[in-house]
Enquirer: 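After the C-alpha cells below, expect a handful of questions from me.
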Amino acid sequence: MQHQLLSVLIVLTVYAASLGAANVHGICTPQDLKGLTGFKAGIRLDTSGRLEKWVGLKCCEWEGISCDNATGRVTEIRLPGFISTSDDVYQSEIRGWLSPSITLLSSLEVIDLGGLMNLAGTIPPSIGFCLQKLRKVYLYGNQISGMLPESIGKLWRLEELLLYENKLSGSLPPSLGNLRNLNAMIMYSNQFSGTVPDSFTNLTGLVHLDLHNNSFIGAIPEKIGQLHNMKELDLSNNFLGGRIPLSITNLTAISVLYLDTNNLDGEIPSPSRLDQMPSLSFLRLHNNQLTGEISPNFANLISLQRVSLAHNRLKGSIPSSLGALSALTELYLDDNHLSGIIPESMGQLSQLLILSISNNMIRGPLPQEMSSLFNLQIINLSFNQFNFSSIPQWLLRLPSLSQIYMAGCGIQGEIPESLKIMPSPIQELDLSGNHLTGNLPSWLGTLTQLYLLNLSRNSLVADVPESITKLNALGVLDLHSNKLTGNVGQVFKMEQRFPQGPLTYIDLSDNRFTEGIEQIGIGAECGVQSLNLSCNFLSGRLPTTIKMCSSLKSLDLSKNNLGFNLPDALANLSSLEVLKLQRNRFTGSIPEGFLKLSKLRDLNLSNNLLVGQIPAGKPLANFPGSSFSGNTGLCGKPLNPCKR
Ligand SMILES: *[C@@H]1O[C@H](CO)[C@@H](O)[C@H](O)[C@H]1NC(C)=O
Ligand SMILES: *[C@@H]1O[C@H](CO)[C@@H](O)[C@H](O)[C@H]1NC(C)=O
Ligand SMILES: *[C@@H]1O[C@H](CO)[C@@H](O)[C@H](O)[C@H]1NC(C)=O
Ligand SMILES: *[C@@H]1O[C@H](CO)[C@@H](O)[C@H](O)[C@H]1NC(C)=O
Ligand SMILES: *[C@@H]1O[C@H](CO)[C@@H](O)[C@H](O)[C@H]1NC(C)=O
Ligand SMILES: *[C@@H]1O[C@H](CO)[C@@H](O)[C@H](O)[C@H]1NC(C)=O
Ligand SMILES: *[C@@H]1O[C@H](CO)[C@@H](O)[C@H](O)[C@H]1NC(C)=O
Ligand SMILES: *[C@@H]1O[C@H](CO)[C@@H](O)[C@H](O)[C@H]1NC(C)=O
Ligand SMILES: *[C@@H]1O[C@H](CO)[C@@H](O)[C@H](O)[C@H]1NC(C)=O
Ligand SMILES: *[C@@H]1O[C@H](CO)[C@@H](O)[C@H](O)[C@H]1NC(C)=O
C-alpha cells in the first residue's frame, strides 16, 4: 500500500518536472528538427515503420528519440535493427544512406543505428567537430563505406564505437590515439585495411578493442602492453604479421585475448611472473605461423580456461608445468610439430573437458594418471605416433567421455568389445585409419547415442549387421575403404525406421558390396545429403524411389556394375550438386529432366553405354567432354554433333 502511494507520488513528481522542462510540448529546436528530417529524407525504406511516424514538430516524442529535459535538445537516436517484442526478436531493415545532416544534432550522445543491413553512406567527415558529446556510436552490420574520418579522434567522450560488418576501408586514423575515454571499440567485419597505428597505445582508457574480420596488415603495435585497462582484445581474422610483442604480457587486466587467424610468427610470449596476466581466461592464437616451444612459463597464465594454439608450427614437447593450469577446460594443440610424450601432470587438469592434440608427432604410451580426468568429454589423439596396438581400457572408462577420436593410432585387432558400455555415452567414434580386422559386431546397435561413426580405412570384413538399423541418433556413417560385403540395404532400412532421423552422410565406398541398390529411398522421405557407394560391385537398376532422397547434394555411384536406363526420377533431386555415375553399364539416353538440375556443378556420366543426343542447354552444356566420353553413342555438345 505504502509502496503504491510512493510510486504514484514519484510519477506525479516526474510529470511535474517534465512540465517545467523546456520541451514542454515535445517540440525540439529548429536545428535538431532539421537534422532529424534530413536524416529521414536519406532513408528510402524502413521495414519497421518507425520513421513513418516521424511527423510534426514534436520530435522529442518520436520513436527512437530522447531529449534532454532541461535543454530540449536531442541526445539519443536509437533505431536498432534488432527489435525485441514480448515473444520474438526480429531484424528490421533500412534502405538508404546516412545523411550528413545528423551532424546538426550537436547534443547527441548516443547513435544506435546498428544492424539495419542496408544503411549505406559514409561516416560524416565533420563528426568529430560537430558531435562532441558522443559517447556511444553503433553503426555495425550496415553498408557504411569510406574511411574512418580523422576527426573521430576529437570525440574525447567516446566510450563505445561499434562499426563491425560494414564496408569501411582505408587505415585507421592516427587520431584514434586521442580517444582516452573509449572503453569499447568494436569494429570487426569491416574492410579496413592498413596497419594498426601505434597511436592506439595512447588509448589508455580502452577496455574493449575488437577489430576482428577486417583487413589490417602490419604488426601489432609494440607498445600494446600500455593499455592497462584492456579487458578484451580481439584482432582475429586479419592479416597481421610479425611477432606478438613481448609487452602484451603487461596487459594486467586482460581476460579475453584473440589473435587467431592472422600471419603472426615468432614465439609465444609467456609471462615470467604470476601477476602479469592474472585474469587471462580465453586465449586464441590458432591459425598463425607461431614457432618455437611452448615455454614452461606458459603455466604462469593461471586463470586460463580455454586455449587454442592449433595450426601453428610449434615444436618441442608439452611442458609438464601445464598441469598447474587448474582452471583449464579446453586445450587445442592440433596441427603443430609437437613431440615427446603427454606429461603425467595432465592428470591434474581436473576441469578439463576437451583435449585435442591431433596431427602432431606425440609418442605413447598415454600416462595412466589421465584416468583421473573425470570431466573429460572429448579426446582427439588422431594422427600422432602413438602406435597404441589397443585402446587403453581405462580411457573407455572415463565417465564423461563421449567423443573419441583415435584415427591413425596404430590400433590393431577386432573392434574392442570394451566399447560396449550400457547405457553407452559414446556420441562420436573415429577409429579410422587403424588396422582393425574382423566384422562389424552386432552390439554396435547398442550405441544408442552414436551420432558419428568413422571406421573407414581399416580391414573390416563381412556384412553390415542388421542391428545397425537401431542407431536412431546416427548422422554420419563412414565405412569407406574396408572389405565389407553383402547388402547396402541395411543402411537404407535405417532411413525407413527413422524417416525424420538425423542421418545425412553415408560413405560406403571402396568396399565389396554387391546388392541392395534397389532399396534407396524405399518407404518414407530420406534425408541423406551425401551418399557415396563408389568402387563396389553393385549391380541392378537405380530405382525411381531415389526421388524420395530429395535432400541429396552429392551422389556418387561410380565404378560399379549398375545398369538399365537412368531413371527420370534423378531429375527430381533438385538440390543435387555432384552426380558421379561414371564406369557403370547405364543404357538408354540422358533424361531431358537433367536440364532442371540447376545446382549441378560436378557431373560425370563417362564410360557407360549411353546413347542419343545430350540434352542441349544448361547445366549440361557447362561440363567438359570427359563428363560424357566413353559411351556407346552419345552425341551433341560438348561431344561431336549428332549425325542426321
Ligand atoms: C526526463 O523526463 C522523463 C519523463 O518525461 C523522465 O522519465 C526522465 O527521468 C527525465 N530525465 C531527467 C534527466 O530528468
Ligand atoms: C600519444 O601520446 C604521446 C605522449 O603522450 C603524444 O606525444 C602523442 O602526440 C600522442 N599521439 C597521438 C596520435 O595523439
Ligand atoms: C569472419 O571471417 C571468417 C573467416 O575469414 C568467416 O568465416 C566469418 O564468416 C566472418 N564473420 C563475419 C560475421 O563476417
Ligand atoms: C612492462 O611494464 C613494466 C612496468 O610498467 C615495464 O618496466 C616493462 O618495460 C614493460 N615490459 C614491456 C615488455 O613493455
Ligand atoms: C580430431 O582430429 C581430426 C584430425 O585432425 C580432425 O579431422 C577432427 O575434426 C578432430 N575432431 C574433433 C572433434 O576435434
Ligand atoms: C607399432 O607396434 C607394433 C606392435 O605393437 C610393432 O610391431 C611396430 O613395429 C610398431 N611400429 C612403430 C612404427 O613403432
Ligand atoms: C573419417 O576419417 C578419415 C580420416 O581417417 C577422414 O578422411 C574422413 O573425412 C572422416 N570421415 C568423416 C565423415 O568425417
Ligand atoms: C567417393 O568415394 C571414392 C572412394 O572412396 C572417392 O574417391 C570419391 O572422391 C568419393 N566421392 C565423392 C563425391 O566424394
Ligand atoms: C518429379 O518430376 C516430375 C517431372 O518433372 C514431376 O511431374 C513430379 O511431380 C516430380 N515428383 C516429385 C516427387 O517431385
Ligand atoms: C570422368 O570420369 C573419367 C573416368 O571414367 C575421367 O577420366 C574424367 O576425367 C572424368 N571427368 C570429369 C569431368 O570428372
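Counting starts at 1 for both ligands and their atoms, following the listed order. When a residue number appears, it is its place in the shown sequence, counting from 1.
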Enquirer: Side chain to side chain donor-acceptor pair (under 3.5 Å), that's the test. Do S558 and S534 meet it? Break it down for me.
Expert: CA-CA 5 Å; S558 63; S534 169; 3.0 Å; yes

Enquirer: Using a 4.0 Å cut-off to any heavy atom of V476, which atoms of ligand 7 qualify?
Expert: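 Near V476, the atoms of ligand 7 are 13 (C).
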
Enquirer: Tell me: protein heavy atom nearest atom 13 (C) of ligand 5, and distance?
Expert: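 Residue, atom and distance for the closest contact: Y405 CE1, 3.3 Å.
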
Enquirer: List the closest protein heavy-atom neighbour of atom 5 (O) of ligand 7: residue, atom name, distance to the nearest 0.1 Å.
Expert: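 The closest heavy atom on the protein side is S432 OG, 2.6 Å.
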
Enquirer: For atom 9 (O) of ligand 4, what's the nearest protein heavy-atom neighbour? Residue, atom name and distance, please.
Expert: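 Heavy-atom neighbour on the protein nearest atom 9 (O) of ligand 4: N250 ND2, 4.8 Å.
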
Enquirer: Going by the atom numbers of ligand 7, which of them fall below 4.0 Å from some non-hydrogen atom of F383?
Expert: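 What qualifies from ligand 7 is 4 (C), 5 (O).
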
Enquirer: So with a 6.0 Å cut-off around CD of E344, is the heavy-atom count from everything else above 12?
Expert: no

Enquirer: Do S627 and N604 have side-chain atoms, one donor and one acceptor, less than 3.5 Å apart?
Expert: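 Absent: no donor and acceptor within the cut-off.
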
Enquirer: Answer yes or no for atom 2 (O) of ligand 7: protein heavy atom present at a distance under 4.0 Å?
Expert: yes

Enquirer: Considering only the protein, which heavy-atom contact is closest to atom 7 (O) of ligand 7, and what is its distance?
Expert: R457 NH2, 4.8 Å

Enquirer: Which of the listed options, I379, N380, N454, I354, holds the heavy atom that is closest to atom 11 (N) of ligand 5?
Expert: N380

Enquirer: Quick check: does N359 get an N/O under 3.5 Å from an N/O on ligand 5?
Expert: yes

Enquirer: Could you list the atoms of ligand 4 found under 4.0 angstrom from a heavy atom of S247?
Expert: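 Those of ligand 4 that fall under 4.0 Å from S247 are 12 (C), 13 (C), 14 (O).
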
Enquirer: Within the 3.5 Å criterion, strictly below it, is a donor on Y405 or E428 matched to an acceptor on the partner's side chain?
Expert: yes

Enquirer: Are S356 and D334 linked by a side-chain donor-acceptor pair shorter than 3.5 Å?
Expert: yes

Enquirer: Would you name the heavy atoms of P278 and D275 that are closest together and state the gap between them?
Expert: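 For P278 and D275, the tightest heavy-atom pair comes out as CD-O, 3.5 Å.
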
Enquirer: Can you tell whether the side chains of R601 and E577 come within less than 4.0 Å, N to carboxylate O?
Expert: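 Looking at R601 and E577, the cut-off is met.
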
Enquirer: May I ask you to check whether Q403 has an N/O atom sitting below 3.5 Å from an N/O atom of ligand 5?
Expert: no

Enquirer: Less than 3.5 Å apart, any donor N or O on the side chain of Q449 or Y451 sitting next to an acceptor on the other?
Expert: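 The answer is no; no qualifying pair exists.
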
